[in-house]
Trainee: 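Quick one: structure below, then a few questions.
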Amino acid sequence: MKFGLPQILAARHEQFGGIVATERPRALVHLDRALMRRLGYGPSALWDNPAPSPLSAPTEVHLVLSKRCAAGCKGCYVDATPKGEVMSLDDAKRSLDELARLKVFHIALGGGEAMDIEYLFEVADYARTVGIIPNLTTAGLTLTEAQAERCRVFGQINVSVDGVGAAYEKARGFDGYDRAERALRLLRAVTRHVGINFVVSRSSYDGIDEVARLAKKLKLSELELLRFKPAGRGGGAMFDAEDLTPEQARGIYPKALRLALRRRLRVKLDCSFAPMVFAHNPPPALASFFGVQGCVGGDVLAAVHPDGVVTGCSFGGPPEADGRQVGEFEAAWKTGFRAFRDYVATAPEPCASCRYLSLCRGGCRVVSAARGQWSDPDPGCPRVQDYRAKNPPVRHSMPIV
Amino acid sequence: MSSPGKVLRVTFGANPNSSSLGVDVTFLLFGTMAASAIAVLASALLRRARQPEPKADV
């Protein structure tokens with residue numbers, strides 16, 4: 001990460017003040033009203049509202065360009081297939097126009113294999129043109145040198161690597177490790193903003209250390225650990241088999257800290273791991289300052305799917321709008337996304353009395369829905385597991401004898 | 001004298017993923033004092049930062 005005199009790339013007002021996107025270091029910085037004024041931004045009509053309100057727009061949106069991919073990963077969360085749906089270039093541009101109008105800072109391009117879409121770089125260039133930083137996730141299986149060169153347009157590129165060597169095949173269901181490592185090397189040769197996405201499942205958990213070693217060896221910018229989610233082909237029996245054990249769930253945060261220290265590597269955990277982080281009692285003020293949050297669906301994050309449907313999260317949530325239609329996303333953002341936003345106000349125990357509730361927001365809604373109700377606390381949370389062990393559910397009906 | 005203003009939150013990096021920017025455990029290692037120092041430093045640096053054009057009506 002490069003520090004120096006930062007350059008402000010973009011800024012927007014919020015009820016609390018505003019957010020600026022900077023380069024060197026690359027960051028999103030939330031400022032109070034006084035500092036916004038000092039930087040020359042303001043005042044804003046949003047400042048007339050004394051009560052805290054949702055952000056004026058997401059800070060980042062996942063643009064699911066396609067559900068098309070020939071790799072056939074056994075846990076693919078979009079259930080991508082070789083003939084899956086693809087967003088048209090015009091629709092992608094229309095969505096970007098809408099997101100730019102809302103002053104969204106970043107988009108994440110992914111879904112199926114975005115690298116296989118012929119217009120991928122045209123979408124990325126267009127995002128830059130309208131002032132949005134495009135980022136990319138790829139399996140990298142078919143990446144060419146020419147494509148790698150064009151990847152300079154992206155702010156950050158992560159390659160999916162869920163294990164080294166045979167562990168990759170075990171996790172994904174096919175032998176693609178050598179091609180993934182080749183992609184990492186090709187990309188690293190043209191940009192330093194290259195990292196690894198590692199999907200942490202029950203069976204891949206023990207391979208994290210080896211992938212961290214790889215990330216360090218290739219001088220990558222980050223290792224991001226993503227919780228295995230019950231979506232697409234990862235649902236049902238697959239999730240039953242691959243959901244983390246309670247011991248793994250308790251161990252993921254200490255493991256990530258050890259890796260960051262031992263390897264001097266930037267290690268990140270995705271939003272769905274927040275309950276596993278808060279179970280270790282980090283200071284809430286520190287977590288808040290560094291943006292450590294649980295479910296950020298409908299808060300800082302939203303997703304636009306290939307058919308234009310907008311949801312609060314790429315993995316689930318009710319349809320909120322058609323992201324290609326002028327004004328629909330904005331209107332939905334103002335009053336919608338209740339399935340995500342209402343959790344804090346209506347949370348049951350043990351979330352209701354948890355001091356991390358406003359940060360954690362009950363953990364991952366998609367996992368809750370897969371194990372019970374959307375509005376349940378995340379069953380993978382160590383605190384929830386302890387609570388349920390002490391307070392087993394009350395039986396309301398007599399058993400049938 | 002008017003308030004100098006303050007930095008409320010910083011999230012480093014860019015997110016290429018379908019889920020959130022995530023928990024950057026690297027920064028949680030630093031502790032609360034370091035967060036305060038980063039807030040002061042970031043505030044000072046931002047006041048000297050190069051600005052986009054135009055600044056008004058963001």
Side-chain angles (χ1 to χ4, degrees), chain A residues 1 5-13 16 22 25-32 34-35 38-41 60 62 106 108 110 133 135-137 155-158 197 222 224 226 256-257 260-261 266-274 277 282-283 285-286 288-293 296 301 314, chain B:
Chain A
M1 189 180 309
L5 200 58
Q7 180 185 5
I8 295 177
L9 300 176
R12 76 181 195 210
H13 285 103
F16 55 79
T22 65
R26 183 170 295 160
L28 293 180
V29 189
H30 292 219
L31 312 176
D32 71 358
L35 190 46
R38 288 226 163 198
L39 297 183
Y41 302 113
E60 54 187 85
H62 183 215
H106 293 194
I133 296 176
N135 304 295
L136 177 73
T137 288
Q156 175 76 27
I157 311 163
N158 280 13
N197 279 355
E222 67 177 35
E224 175 129 9
L226 309 154
L257 288 177
L261 275 174
R266 193 160 179 226
V267 181
K268 298 196 308 194
L269 298 168
D270 82 350
C271 48
S272 61
F273 274 130
V277 173
L286 179 68
S288 176
F289 182 79
F290 286 119
V292 178
Q293 286 179 279
V296 291
L301 183 73
S314 312
Chain B
M1 199 170 78
S2 64
S3 162
K6 61 182 177 182
V7 170
L8 305 172
R9 172 177 292 181
V10 181
T11 52
F12 290 103
N15 177 33
N17 297 307
S18 44
S19 42
S20 77
L21 185 59
V23 178
D24 197 327
V25 299
T26 319
F27 291 103
L28 284 183
L29 284 168
F30 294 163
T32 308
M33 293 293 285
S36 303
I38 288 175
V40 172
L41 180 65
S43 174
L45 286 173
L46 279 171
R47 279 188 224 121
R48 299 177 57 198
R50 280 178 286 155
Q51 302 280 352
E53 297 292 337
K55 290 200 303 179
D57 191 26
V58 296

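Owing to the predicted nature of the structure, the values given are computational and were not obtained by experimental measurement. In the text below, chain A, chain B and the rest are named by the order of the sequence lines, each starting its count at 1. Computed over heavy atoms, backbone and side chain alike; hydrogens, waters and symmetry mates excluded.
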Trainee: Heavy-atom cut-off 4.5 Å, strictly under: side chain, backbone, both or neither for B:Ala35 against chain A?
Mentor: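 Both backbone and side chain of B:Ala35 come within 4.5 Å of chain A.
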Trainee: Quick one, B:Thr11 and A:Phe290 - any side-chain contact, counting heavy atoms below 4.5 Å?
Mentor: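 The answer is no, as the side chains (C-beta and beyond) never meet within the 4.5 Å cut-off.
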Trainee: Check B:Asn15 against A:Glu224 and note the closest heavy-atom contact, atom names and distance.
Mentor: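 Closest approach of B:Asn15 to A:Glu224: OD1-OE1, 4.5 Å.
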Trainee: Which atom pair, heavy atoms only, marks the closest approach of B:Leu29 to A:Ala260?
Mentor: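 Minimum heavy-atom separation between B:Leu29 and A:Ala260: CD1-CB, 4.0 Å.
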Trainee: Looking at residues at least two apart in the chain, or sitting in another chain, which of them share a side chain to side chain contact (heavy atoms under 4.5 Å, CB included) with B:Ala37?
Mentor: none
Trainee: What part of A:Ala285 lies closer than 4.5 angstrom to a heavy atom of chain B: side chain, backbone, both or neither?
Mentor: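 Neither part, no heavy atoms under 4.5 Å.
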Trainee: Hey, what do you get for CG (A:Asn158) to CG (B:Asn17), rounding to the nearest 0.5 Å?
Mentor: 5.5 Å
Trainee: In this structure, which one of A:Lys268, A:Arg26, A:Arg266, A:Glu222 forms a side chain to side chain contact (heavy atoms under 4.5 Å, CB included) with B:Phe12?
Mentor: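 Of all the options given, the one that passes is A:Arg266.
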Trainee: Would you mind checking which part of A:Asp32 comes under 4.5 Å of any heavy atom in chain B, side chain (CB onward), backbone (N, CA, C, O), both or neither?
Mentor: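 Answer is both: backbone and side chain atoms of A:Asp32 are under 4.5 Å from chain B.
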Trainee: Take A:Phe289 and B:Ile38 through the side chain to side chain contact (heavy atoms under 4.5 Å, CB included) test and state the conclusion after the steps.
Mentor: CA-CA 10 Å; A:Phe289 182 79; B:Ile38 288 175; 4.1 Å; yes
Trainee: Considering all heavy atoms of both residues, which atom of A:Thr137 and which atom of B:Pro16 are nearest to each other, and what is their separation?
Mentor: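 So the two residues come closest at OG1-O, 2.6 Å.
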Trainee: Identify which part of A:Phe273 has an atom lying under 4.5 Å from any heavy atom of chain B, answering side chain, backbone, both or neither.
Mentor: neither
Trainee: Would you check if B:Phe27 and A:Leu286 make a side-chain contact, meaning some heavy-atom pair closer than 4.5 Å?
Mentor: no
Trainee: Please lay out, stage by stage, how B:Leu46 and A:Val29 fare under the test side chain to side chain contact (heavy atoms under 4.5 Å, CB included).
Mentor: CA-CA 10 Å; B:Leu46 279 171; A:Val29 189; 4.0 Å; yes
Trainee: Under a 4.5 Å cut-off applied to non-hydrogen side-chain atoms, are A:Thr22 and B:Leu45 in contact?
Mentor: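 No, their side chains stay 4.5 Å or more apart.
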Trainee: Checking heavy atoms, do the side chain of B:Ala34, its backbone, both or neither come under 4.5 Å from chain A?
Mentor: neither
Trainee: Under 3.5 Å, is there a donor-acceptor pair between the side chain of A:Asn135 and the main chain of B:Ala14?
Mentor: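 Flag not set: sc A:Asn135 to bb B:Ala14 has no pair under 3.5 Å.
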Trainee: If the condition is side chain to side chain contact (heavy atoms under 4.5 Å, CB included), which residues does A:Ser288 pass it with, not counting sequence neighbours?
Mentor: A:Leu359, B:Arg9
Trainee: Quick check: do A:Leu35 and B:Arg47 have side-chain heavy atoms less than 4.5 Å from each other?
Mentor: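 Contact flag for A:Leu35/B:Arg47 side chains = yes.
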Trainee: Is A:His30 in contact with chain B via its backbone, its side chain, both, or neither, using a 4.5 Å heavy-atom distance?
Mentor: both
Trainee: Please classify the contact of A:Leu31 with chain B as side chain, backbone, both or neither, using a heavy-atom distance under 4.5 Å.
Mentor: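 Both parts, heavy atoms under 4.5 Å.
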Trainee: In Å and rounded to the nearest 0.5 Å, what is the OG to CG distance from B:Ser43 to A:Leu39?
Mentor: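 Reported to 0.5 Å precision, the distance equals 8.0 Å.
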